[in-house]
Amino acid sequence: MPTVTIKDPEVNLELAKELGLLEEEYKRILDILGRIPTYSELGIFSVMWSEHCSYKNSISQIKTLPRSGGKLLVSAGEENAGLVDIGDGMAVAFKIESHNHPSAVEPYQGAATGVGGILRDIFTMGARPIASLNSLRFGIIENSTEQQIERTKYLFKNVVKGIGDYGNCFGVPTISGEVYFDECYQDNPLVNAMAVGIVKHGNVASATAKGVGNPVFIVGSSTGKDGIHGATFASEEISEKSESKRPSVQVGDPFTEKLLLEATLEAIRSGVVVGIQDMGAAGITCSTCEMSAKGECGMEINLDLVPLRDENMSAYEIMLSESQERMLVVVEKGKEKQAEEIFHKWDLNCIEVGKVIEEKNIKVHYRGKLEADVPAFELVLGGGAPVYKRETKLPDYFNYTKNFDSSKIKEPKNYNDILLNLLSSPNITNKKWVYEQYDTQVRTNTILMPGGDASVVRIKGTKKGLSLKTDCNGRYVYLDPYKGGVIAVCESARNVVCTGATPLAITNCLNFGNPYNPEVYYQFSEAIRGIGDACRKLNTPVTGGNVSFYNQSQEYAVFPTPVIGMLGLIEDVDNLMTSNFKSEGDVIFVLGQNKGEVGGSEYLKLMHNLIKGNAPDIIIDEEINLQKSVLELIDRGFIKSAHDISEGGIAVAIAECCIIGRNNSIGCEISYDYEFRQDIDLFSETQSRIIVSASAENSDKISEICKLHNVPFKKIGVTGGTNIKINKEICVALDSAAEAYYKKLDKIMTAK
């Protein structure tokens with residue numbers, strides 16, 4: 001095929017605006033360069049100064065988070081992923097990122113490439129991935145128009161299939177996640193992917209270019225036109241304005257990714273690698289600029305040497321392509337042949353395309369022409385990239401949501417029906433339809449499967465285990481962004497504590513609407529403040545993460561949804577705790593104080609179609625005391641189960657304790673002293689509460705430990721029988737509860 005000469009468009013302010021740059025940013029580029037940029041240079045600035053790469057509208061807030069301390073080995077943002085010390089010379093690399101906009105365009109590949117990208121962030125650190133998680137949000141899936149339901153089912157089905165196919169083929173277990181449905185996500189599904197890996201301290205690799213004269217290699221797949229403009233247009237406000245600028249679809253290949261994993265880890269262990277970075281957002285552009293800026297050097301790159309899938313590509317297209325399964329590697333000079341042998345053994349490209357230079361510029365040559373000559377430091381986050389703090393304003397919708405009196409809602413007549421309806425609510429019902437499509441046990445490390453408070457993987461060769469969870473209730477953040485942010489952190493910590501793990505650190509994925517909207521920026525800044533306050537108190541620093549803005553359409557703006565990925569450590573997996581009741585005749589306690597809060601609850605939405613009131617109160621010191629009590633109870637062997645009270649309140653939590661152990665369901669009889677109206681007591685989502693069960697002889701020990709930590713507690717019942725009985729209001733057969741809880745999603749997804 002003959003080479004086609006592609007003429008670049010004229011560079012001017014109008015073109016800069018089309019590429020997502022502001023007028024002030026274009027003028028700044030002219031000042032930096034002292035001339036009009038080439039088309040390729042303008043493209044480089046546009047993607048590097050996009051929100052996706054520069055965090056220009058969010059970094060001022062993100063920097064207020066606790067990004068060091070605890071057991072962190074590197075501060076947030078220093079490397080491709082966070083790194084947490086777990087003792088014995090080992091560390092955990094983990095991170096969460098969004099692939100929301102690509103998944104809205106093409107859900108299967110959008111989700112699949114999201115998984116692939118986050119896995120590469122882990123193994124470029126030198127860590128072998130051992131677990132994958134996700135957090136998903138979709139629109140209405142029942143009780144709506146046929147068009148809305150069909151769109152939701154289409155997105156849901158293909159996102160789940162994309163996640164499952166990529167993870168299953170790559171060979172990493174997908175062990176945990178969460179799925180919520182709400183009308184606000186109708187046009188903008190949220191697809192957040194998290195990955196976790198293990199690395200020995202001495203094998204950690206850095207995303208840094210250094211050593212003048214060291215060769216620069218592209219390894220992995222060839223470069224095509226897929227994903228061009230993705231970093232800018234898929235994440236910026238321009239995607240709302242121009243359908244013609246929607247990103248081309250990225251296509252993932254998990255089998256190539258598996259080869260790239262093994263080759264990358266071998267190359268890092270061999271000592272040939274000076275620095276390495278995944279080519280994610282903005283492709284070659286981002287990796288060359290960020291690695292150079294971090295190493296205070298530059299790179300000279302010849303695009304004629306880049307392996308291409310389409311020969312008729314411009315320099316602009318090659319630099320901005322987001323083709324998957326590629327890395328940029330700086331190799332120690334003199335070890336080029338060794339590097340090539342490693343990657344060729346795994347049947348992968350390993351092409352020398354440039355070198356590290358002393359001048360701190362990125363110089364890009366193509367077809368005999370210098371296409372770009374730009375200063376690396378001026379392009380990157382923490383360097384010369386613009387930083388903005390946007391206007392904030394109290395949301396007008398507060399006038400509606402805060403005008404709420406729970407005493408005015410109608411009391412239900414049939415509490416059995418309410419409990420069964422809640423158990424079958426798409427937001428509460430068991431998500432086995434999802435996780436049964438995932439290989440949850442590949443590599444044989446998973447010891448606590450999906451479906452409980454959190455999932456646990458063992459670290460082979462040790463007694464240690466990692467407890468992992470993603471968590472966020474977007475309704476709470478919508479109603480009170482600060483409290484919602486605090487709750488997201490505290491609940492994810494509470495979840496891993498219920499497995500016997502000590503919370504160590506978090507990663508976050510901050511999903512919001514348009515930051516130029518003052519109400520959205522208020523939500524964002526307040527949620528960040530809440531996350532920061534909770535993390536400082538819990539000593540769970542933020543290792544890094546991702547910001548996804550512009551999750552809105554003309555019809556809907558998503559709930560502010562700052563998803564928390566929590567990492568907890570179990571020193572001895574023999575002390576692992578699960579959620580389900582274990583044997584008949586055990587006593588049941590509730591730890592924590594009910595405050596009778598139904599604002600933002602699933603009960604209020606499902607039964608009264610209201611999202612009103614305030615988010616539940618959360619007092620971080622009380623949460624800490626609760627978590628300390630439960631960890632001590634688990635460590636000393638005084639309890640048999642522990643389960644967090646969350647969506648649906650205490651009634652749903654008790655029912656889950658009865659039926660989560662599907663092969664050993666056990667009923668209960670509860671005598672609960674009402675403090676408020678019956679429905680509010682039963683379905684309140686008051687925070688900092690956990691249901692535990694224990695042998696009767698340990699009742700006094702539970703009391704002693706709770707008193708020691710100043711935690712309110714009540715003995716509320718005993719296990720046994722074939723029904724879930726709560727006072728006189730509820731008596732539901734275990735079979736009926738299990739039918740509602742385990743089969744609803746299957747019925748929805750198979751209905752014609």
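For the pair N416 and N414, the tightest heavy-atom approach, listed with the atom from each and the gap, is N-OD1, 3.0 Å. In terms of heavy atoms, V598 sits closest to S684 at CG1-CA, 4.1 Å. Annotation for L448 and A454: closest pair CD2-O, 3.4 Å, computed over non-hydrogen atoms. Heavy atoms only, all atoms of each residue included: L422 and I428 are closest at O-CB, 3.4 Å. Contact between Q593 and T686 at its shortest, heavy atoms only, is O-CG2, 3.3 Å. Between S103 and L155, the shortest heavy-atom distance links the atoms O-CD2, 3.9 Å.
Few gaps surround NZ on K582; more than 12 heavy atoms of other groups in view lie less than 6.0 Å from it. Counting heavy-atom neighbours within 6.0 Å of E146 CD, excluding the residue itself, gives a total of 12 or less. No more than 12 heavy atoms of other residues, nucleotides or ligands lie within 6.0 Å of NZ in K628, so this atom counts as exposed by the packing criterion. More than 12 heavy atoms of other shown residues, nucleotides or ligands fall within 6.0 angstrom of atom NZ in K431. Surrounding CD of E411 are more than 12 heavy atoms belonging to other residues, nucleotides or ligands, all under 6.0 Å away.
Stacking of K612 on the aromatic ring of Y400 is recorded, both the 6.0 Å distance cut-off and the 45° axial limit being met.
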Please report the C-alpha distance between S135 and T470 in whole Å, then the side-chain angles of each, then the deciding distance to 0.1 Å, and finally whether the side-chain hydrogen bond (donor to acceptor under 3.5 Å, both in side chains) criterion is met. CA-CA 6 Å; S135 177; T470 56; 4.7 Å; no
Could you check D681 against N594 for side-chain hydrogen bond (donor to acceptor under 3.5 Å, both in side chains), going step by step and ending with a plain yes or no? CA-CA 7 Å; D681 256 318; N594 181 27; 2.5 Å; yes
Test salt bridge (Lys or Arg N to Asp or Glu O under 4.0 Å) on E739 and K747; report intermediate values, then the result. CA-CA 11 Å; E739 173 84 13; K747 291 178 180 178; 3.1 Å; yes
Run the salt bridge (Lys or Arg N to Asp or Glu O under 4.0 Å) test on D644 and R689 for me, step by step, so that the C-alpha distance in whole Å, both residues' side-chain angles and the decisive distance to 0.1 Å come before the verdict. CA-CA 6 Å; D644 168 43; R689 295 186 296 161; over 6 Å; no
Any chance you could lay out the salt bridge (Lys or Arg N to Asp or Glu O under 4.0 Å) test for R137 and D182, step after step, and finish with the verdict? CA-CA 8 Å; R137 303 290 191 283; D182 195 279; over 6 Å; no
Going through the checks in order, is the side chain to side chain contact (heavy atoms under 4.5 Å, CB included) test met by L190 and L136? CA-CA 5 Å; L190 302 186; L136 311 175; over 6 Å; no
Intermediate values then yes/no, side-chain hydrogen bond (donor to acceptor under 3.5 Å, both in side chains), E647 and Y180: CA-CA 11 Å; E647 286 88 0; Y180 286 90; 2.6 Å; yes
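Distance CG/N495 to CD1/I564: 12.0 Å, rounded to 0.5 Å. Distance CG/L423 to CD1/I418: 11.5 Å, rounded to 0.5 Å. Atom OG of S695 sits about 9.5 Å away from atom NZ of K701, to the nearest 0.5 Å. The structure places CG of D679 at 10.0 Å from CG of L604, a figure rounded to the nearest 0.5 Å. Separation of atoms CD1 (I487) and CG (D471) is listed at 10.5 Å; rounding is to 0.5 Å. One finds the CD1 atom of I447 at 11.5 Å from the CD atom of Q441 (value rounded to the nearest 0.5 Å).
Applying the side-chain hydrogen bond (donor to acceptor under 3.5 Å, both in side chains) rule to pairs touching residues 706-718 yields E632-H709, E675-K714, sequence neighbours excluded. Listed by first then second residue, pairs satisfying salt bridge (charged side-chain N to carboxylate O under 4.0 Å, His left out) with a partner in residues 586-597 read D586-K640, K595-E622, not counting sequence neighbours. Residue pairs meeting the ring pair (Phe, Tyr, Trp, His ring centres under 6.0 Å) criterion with at least one partner in residues 403-436, sequence neighbours excluded, are F156-W433.
Under the rule for a salt bridge (Lys or Arg N to Asp or Glu O under 4.0 Å), D700 has no partner lying at least two apart in sequence or in another chain. Checked against salt bridge (Lys or Arg N to Asp or Glu O under 4.0 Å), K744 has the following partners two or more places apart in sequence or in another chain: E142. Shown here are the side chain to side chain contact (heavy atoms under 4.5 Å, CB included) partners of A696, two or more places apart in sequence or in another chain: V587.
Y397 places a side-chain N or O within 3.5 Å of a backbone atom of Y478 that can act as its donor or acceptor partner. Panel note: side chain S492, backbone V489; a donor-acceptor pair is recorded below 3.5 Å. In this structure, N580 contributes its side chain and C657 its backbone to no donor-acceptor pair below 3.5 Å.
Using modelled atom types, one finds no donor on one side chain facing an acceptor on the other under 3.5 Å when comparing N575 with D635. No hydrogens or angles considered: a donor-acceptor pair under 3.5 Å links the side chains of Y674 and E729. Side-chain polar atoms of E623 and S688 form a donor-acceptor pair below 3.5 angstrom. A donor-acceptor contact closer than 3.5 angstrom is absent between the side chains of S425 and N427. Checking N100 against N188 by side-chain atom types alone, no donor-acceptor pair falls below 3.5 Å. Looking at Y482 and D533, their side chains do bring a donor and an acceptor atom within 3.5 Å of each other. Counted by atom type alone, E685 and Y476 present one or more donor-acceptor pairs between their side chains at under 3.5 Å.
A 4.5 Å side-chain heavy-atom check between P189 and V159 finds every atom pair outside the cut-off. Within the 4.5 Å cutoff, side-chain heavy atoms of C658 are placed close to those of C668. With contacts defined as side-chain heavy-atom distances shorter than 4.5 Å, the pair L468/S455 does not qualify. Here the side chains of I730 and K725 are not in contact, with every heavy-atom distance at 4.5 Å or above. Contact annotation: the side chain of I690 approaches that of R494 to within less than 4.5 Å [non-hydrogen atoms, C-beta and beyond]. In this structure the side chain of L419 reaches within 4.5 angstrom of the side chain of V652, judged on heavy atoms. Taking the side chain as every heavy atom from C-beta outward, I409 and Y603 approach each other to under 4.5 Å. Put simply, the side chain of S579 does not reach to within 4.5 Å of the side chain of S641, judged on heavy atoms.
Comment: E571 engages K464 in a salt bridge, judged by a side-chain N to carboxylate O separation of less than 4.0 angstrom. At a threshold of 4.0 Å, the pair E602-K605 does not count as salt-bridged, since none of the basic side-chain nitrogens sits closer than that to a carboxylate oxygen. Using a 4.0 Å cut-off between a side-chain N of Lys or Arg and a carboxylate O of Asp or Glu, K469 and D453 do not qualify as a salt bridge.
Annotation: F138 is not in aromatic contact with Y185 [ring centroid separation under 6.0 Å not met].
Residue V590 forms a side chain to side chain contact (heavy atoms under 4.5 Å, CB included) with just one option from V692, I654, I645, I670, and that option is I645.
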